[in-house]
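Both counts, for ligands and for their atoms, begin at 1 and track the order of listing. Side-chain atoms are counted along with the backbone in the values below, which use heavy atoms only and exclude waters and symmetry mates.
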Amino acid sequence: MELRYGTQIITPATDETVLQALTRQGVALRSSCRGGVCQTCVMRCLEGEIPGRAQSGLSTDLISQRYFMPCVCKPSGDMVLAPPLADDFFVPAQLEQRLDDERGIMFMFEPMRTLPTSILAVIVRDSWGHKARFSLATRPDVDFYFGIHLPAYDVSELAEQWRQSLQVGMQIDMREALPSEDIAQLPASDRPKDPPPDPELWEALGEGALMTPILEDFYTRVYADPQLMSFFSGVTRQRLVEKQYSFLHQAITGNKVYFGNRPRNTHHWMVISDALMDHREQLMLDCMRAHGLAEKWVERWRLIEEYYRPDIVKSAPVPRRVDGVDLPLEGFEELVIDVGSICDGCGSVLEPGETVRYHVRRGTIYCSRCNTRVPANPQASSPDESL
Ligand code: HEM
Ligand code: FES
């Protein structure tokens, strides 16, 4: 069985997904949940059979254009693969409301075909041929419309045209902004990194005694939750309970007891929408209530966690930042290992001194026995190149 991607030919191992096989061979692909939920990894199959599960949740348009999710695709035969074409994702949207005031104009659009309501930013293409990126000014999952705000100070050609001519009832094309078109949503630099401590909440939690059973219950539910579980593969539940306990202990009391990563760095690669964050929050609230925590304290705990939303919610991975320096986000490096290890591709035992291919974000290593066919050339295979 063979997978073709550009000039690369890859033989998938038994039980390997397309994403695993391509990653093992040094193809730099975008991915996040690796469980068929977030659609970050979506790509095209030009030839060959696509197993049904690999298209589950995709729009009928994308299915008809042979898009699929390689992270949940175990190939059943040869496949010819290609990166996504951004403009396949445009849908027509109708202007339903136009609200003008002194700060600018709010345009409320309704897409005429399905557009994911969890998205944070869109690319628009109007009938005058302008194309531009906007962060959404509304939350389509809550208030239904895809709202775009055109500030009064914007004097671009698109802005002038829209101000004069874009009226209710007219149509534009709209699509989700892809990660390569994204401006990372980072918290304002003048914002304190933690919320104000809440010693009364800590006391209400029995100096933390009530927190452990709540967190144990919470992570049991998270690990069984179809929308959340795939983010957590490879991490033990107990480790998370302990980390989360000391993180919250520090956030609630202000005492320096947490020695893990900050939320922005921990979640840097996770594509987490507001809707997914809300869903996680609901699980957390259910657990607090199930353990008898009074509503007043449930809300105070919720506010502590809510403070970190801008660090966590984003529509594309952001690089880890250490001492103000951004670390590489994607791609591979050749590495000589100085201690023995196990290959993440084929499970072979690796001796100190061996050269391996190293995935910089996930930290996985692949030995020369399972990636010999084509030398690594992440530039040539980046999915962004077609955009
Ligand atoms: C949908 C929302 C969220 C998802 C999918 C998520 C997912 C994850 C995952 C997969 C890890 C394990 C990372 C690893 O060890 O490699 C993790 C760790 C962690 N998360 Fe979240 N998380 C979410 C929201 C939050 C929120 C709201 C907070 C804070 C209130 C938080 C705080 C932490 C902390 C403190 C760790 C441990 C960091 C460390 O190991 O150094 N997470 N999260
Ligand atoms: S759907 Fe494939 S990485 Fe999330």
task: Please determine if R237 forms a cation-pi arrangement with F232, meaning its NZ or CZ atom is less than 6.0 Å from the six-membered ring centre and no more than 45° off the ring axis.
output: no
statement: For P263 and F247, the nearest pair of non-hydrogen atoms, with its separation, is CG-CZ, 3.5 Å
message: Tell me how many protein N, O or S atoms are within a distance shorter than 2.8 Å of atom 21 (Fe) of ligand 1.
response: 1
message: Using 30° and 60° as the class boundaries, would you call the ring planes of H130 and W128 parallel, tilted or perpendicular?
response: tilted
Residue-atom pairs from the protein, N, O or S only, that lie under 2.8 Å from atom 2 (Fe) of ligand 2: C41 SG, C71 SG
field: Backbone or side-chain N or O of R239 under 3.5 Å from ligand 1 N or O
entry: yes
message: Counting only nitrogen or oxygen atoms and a 3.5 angstrom limit, does N261 reach ligand 1?
response: yes
- request: Identify, for atom 7 (C) of ligand 1, the protein heavy atom at the shortest distance, and state residue, atom and that distance.
  value: F232 CZ, 3.2 Å
message: Between D61 and Y67, is there a side-chain donor-acceptor contact under 3.5 Å, judged purely by atom types and distance?
response: no
query: How far is atom 4 (C) of ligand 1 from its nearest protein heavy atom, and which residue and atom name does that atom have?
result: I272 CD1, 3.6 Å
- request: Report yes or no: is the cationic atom of R24 (NZ for Lys, CZ for Arg) closer than 6.0 Å to the six-membered ring centre of Y366, at no more than 45° off its axis?
  value: no
- prompt: Just checking, is any N or O donor in the side chain of Q238 or Y219 under 3.5 Å from an acceptor N or O on the other one?
  reply: no
